[in-house]
Amino acid sequence: MSHNFLCPQCRNYLNVGENIIFSTRNKSGKEGIIMLHPQLGDYTIIKHPTFEISKGDLVDFFCPYCNKKLISERNANLAKVLMLDEKNVEYEIHFSRIAGQHSTYKIIGESVEIFGEDASAYFDFLNRGLL
Ligand SMILES: [Zn+2]
């Protein structure tokens with residue numbers, strides 16, 4: 001059974017099929033839907049070809065239900081959602097909002113699991129926030 005992803009604000013499901021669905025805004029203020037892979041560490045992105053995002057751009061992520069900005073309180077470069085595993089254990093998932101930066105953190109209490117080859121970019125925030 002696959003994991004579920006929730007908006008931290010309204011707790012509606014963000015995952016449909018094999019995608020996590022976000023309303024987003026690119027660097028020039030244009031809105032678009034971005035779908036991310038639910039497997040942590042898989043950085044496949046699905047979007048409309050006319051919705052332009054370049055490597056290094058900071059992307060704003062919003063909940064498609066309540067339109068709240070999905071931003072990490074730990075670092076403004078990270079977005080945050082909640083994940084429920086098959087036992088309904090709840091984790092915080094923080095991931096980089098910078099296009100092409102592969103940094104993802106799965107956090108429960110003081111335990112952190114990291115994903116992505118750029119995860120070390122935010123080790124400072126982890127140390128400050130959790131220790
Ligand atoms: Zn929401």
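Both ligands and their constituent atoms are indexed starting at 1 by order of listing.
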Original post:
Is there a chain of hydrophobic side chains (I, L, V, M, F, W, Y, each step under 4.5 Å between heavy atoms) that links Phe51 to Leu70?
Top reply: yes
Subject >> Distance below 2.8 Å from the Zn ion (ligand 1): protein N/O/S atoms >> reply: Cys7 SG, Cys10 SG, Cys63 SG, Cys66 SG
Original post:
Around atom OH of Tyr65, are there more than 12 heavy atoms of other residues, nucleotides or ligands at under 6.0 Å?
Top reply: yes
Original post:
Can you tell me if CD on Glu18 sees more than 12 non-hydrogen neighbours from other groups inside 6.0 Å?
Top reply: no
Subject >> His102: which of Tyr122, Tyr43, Phe115, Phe95 passes ring pair (Phe, Tyr, Trp, His ring centres under 6.0 Å) >> reply: Tyr43
Subject >> Result of checking Val16, Asn19, Ile20, Asn15 against Met35 for side-chain contact (heavy atoms from CB on, under 4.5 Å) >> reply: Asn19
Subject >> Derivation and outcome, side chain to side chain donor-acceptor pair (under 3.5 Å), residues His3 and Glu86 >> reply: CA-CA 6 Å; His3 297 168; Glu86 55 282 333; 3.0 Å; yes
